[in-house]
Amino acid sequence: MSFPLLTATAALPAIGAIVTAAVPAARRTAAKWLALLFSLGTLVLAGIVFARFEPGGDRYQLTESHAWIADFGVRYELGVDGIGVALLALTALLIPFVILAGWHDADPLETKSSRWRPTQGFFALILMVEAMVILSFEATDVFLFYILFEAMLIPMYFLIGGFGDRAHSGSDENAAAQRSYAAVKFLLYNLAGGLIMLAAVIGLYVVAGSFSLSEIAEARANGSLEMATSTERWLFLGFFFAFAVKAPLWPLHTWLPNAMGEATAPVAVLITAIVDKVGTFAMLRFCLQLFPEASKWATPVIIVLALISIVYGALLAVGQRDIKRLIAYASISHFGFIILGIFAMTSQGQSGATLYMVNHGISTAALMLVAGFLITRRGSRLIADYGGVQKVAPVLAGTFLIGGLATLSLPGLAPFVSEFLVLVGTFSVYPAAGIVATSGIVLAALYVLVLYQRTMTGPVRAEVRGMPDLRARELVVALPLIAVLIFLGVFPKPLTEVVNPAVQHTMQDVQKQDPQPEVEAAK
């Protein structure tokens, strides 16, 4: 029996969470180092998975399958395709930076000892989220995926509500109330989507007699699975609603600005750069693969919703006064691009959407974590409380600028490639949608450059005059992320050659082909 590499990749951070949580209360530093070491070990295993994945091989590789709840047809089935392995690598890459950036975020303010060990709990919860997200990218059993899809909400709830941002303009009581509100809103929105998905999961089993993606695909191929049009559409809507909440897609997005605003910067990265990607990933793996006809039926409406997300999110980002909420609304706009690329149903669009998931994760992590360093120094999230930072902390300002330029998809940085592919794939089938989506690029330039201008340039405010520049630990967080953004911006081949075969499989699922360019005959 071969080594269960996929299971090990998810099990290692789960074990790390248990070990970290068990560290004695007085050994907070030891708990931090343990969490970091377990996350680095997970990164090594993810690198092995990425290296062993063969782009031209089977659709799902490194597969594992074991009986689990036999009476209900539930199996423990894992496998990764090119899309899953890219997002698995993204998750494993970002978690060490999240841990390093949040090194002091859970330290008690009033005392160096605490009976309930908040520091250990903070890092244990991060590792537990990592384990669940990785396993969700690997699951090929629908019921197993559903359990992970819902279970990851619990540690995220405690990370948002229990370890909120300390840079709050109100009183401690008001800050606690805002954190509680954001955490409950996050949980209720996502639980509502999950409950609707559960009904669809049960309905799928009644129709197909299996939760296994491979078995359902085989049944479709040999004609033994017949699904009425109305049934397929209802099941699709049940799955898509849950994924749209997680994504988040307008108008189901309102929980995200609250959650990112009240969470610490590392937890905000965990939300939008990692956890939310499960929603868009699942649209590709489950919606398009299980319900191809319903996916095509719903495409016009979903494209309209994606365009609203792009423009609406960007417009609200322009008008924000809070740095973290600005980044949150920018992410809503970016998720609109991802969903637009998925449902354009062209190979360029879906390849671009997958690359966008990865590149958005890296660029948002770079921008948000540096913003977190900035907010920690000043003690305020309000843009108006800054000015002239680049004169006293030039390295901080420079890294903040590069993260912002990546967010607006500047050529030479990784998000440009993905956004370009999404727009090309959309223009080829929906020219009007492509034109509207392009306005999001203009608005992105506006909110990013205005943010930089108001915080980093101009006269030096008295409150930031003594602000220190990035320290060694913070440079270890920021510089590698910027290096990855530049590398993937000029050489995206390591990702594209892994992602493209998986996209072709998805195109076959929905029986779509790229439109042929119209060329006038030579006279």
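Everything numeric here is computed off the predicted structure, so don't read it as measured data.
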J.: For the side chain of T407 and the backbone of G403, is there at least one donor-acceptor N/O pair under 3.5 Å apart?
T.: yes
J.: Are the side chain of T280 and the backbone N or O of K277 linked by a donor-acceptor pair below 3.5 Å?
T.: yes
J.: Is the distance between the ring centroids of Y312 and H253 under 6.0 Å?
T.: yes
J.: Where the side chain of Q320 meets the backbone of L316, is there a donor-acceptor pair that is under 3.5 Å apart?
T.: yes
J.: About how many Å separate CE of M132 and CG of L153, when rounded to the nearest 0.5 Å?
T.: 9.5 Å
J.: When you measure from the side chain of Q350 to the backbone N and O of I342, does any donor-acceptor pair fall under 3.5 Å?
T.: yes
J.: Please determine if R285 and D509 form a salt bridge, counting it only when a charged side-chain N lies under 4.0 Å from a carboxylate O.
T.: no
J.: Under 6.0 Å between the ring centres of F281 and F137?
T.: yes
J.: Taking S180 for its side chain and A177 for its backbone only, find out whether a donor-acceptor pair lies under 3.5 Å.
T.: no
J.: What closest approach, in Å, do A92 and E130 show between heavy atoms, and which atom pair accounts for it?
T.: CA-OE2, 3.8 Å
J.: Within the side chain of K296, is there an N or O that forms a donor-acceptor pair under 3.5 Å with the backbone of V510?
T.: yes
J.: Looking only at heavy atoms, which two atoms of L45 and A8 are closest? And how far apart?
T.: CD1-O, 3.6 Å
J.: State yes or no: are the ring centers of Y146 and F286 separated by less than 6.0 Å?
T.: no
J.: Determine whether a donor-acceptor pair (N or O, by modelled atom type, separation under 3.5 Å) exists between the side chain of S295 and the backbone of C287.
T.: yes
J.: Quick one: do N500 and S351 satisfy side-chain hydrogen bond (donor to acceptor under 3.5 Å, both in side chains)? Show the steps, please.
T.: CA-CA 6 Å; N500 288 342; S351 294; 2.8 Å; yes
J.: State yes or no: are the ring centers of F243 and F149 separated by less than 6.0 Å?
T.: yes
J.: Would you say L369 and L481 make side-chain contact, with heavy atoms under 4.5 Å?
T.: yes
J.: Hey, what do you get for CD1 (I18) to CG (L127), rounding to the nearest 0.5 Å?
T.: 10.5 Å
J.: Of all heavy-atom pairs between S212 and D141, which one has the smallest distance, and what is that distance?
T.: N-OD2, 4.1 Å
J.: Can you name the nearest heavy-atom pair linking G102 to F123, along with the distance?
T.: O-CZ, 3.3 Å
J.: Between F186 and W255, is the ring centroid distance below 6.0 Å?
T.: yes
J.: Decide whether S65 and E77 meet the rule of one side-chain donor and one side-chain acceptor closer than 3.5 Å.
T.: yes
J.: Over all heavy atoms of both residues, which pair between A406 and S363 is shortest? Give the atoms and the distance, please.
T.: CB-CB, 3.8 Å
J.: Could you check if a side-chain atom of V85 sits within less than 4.5 angstrom of a side-chain atom of L62, using non-hydrogen atoms only?
T.: no
J.: Compare every heavy atom of G161 with every heavy atom of R179, then report the nearest pair and how far apart it is.
T.: NE-O, 3.8 Å
J.: Within the 3.5 Å criterion, strictly below it, is a donor on Y189 or T254 matched to an acceptor on the partner's side chain?
T.: yes
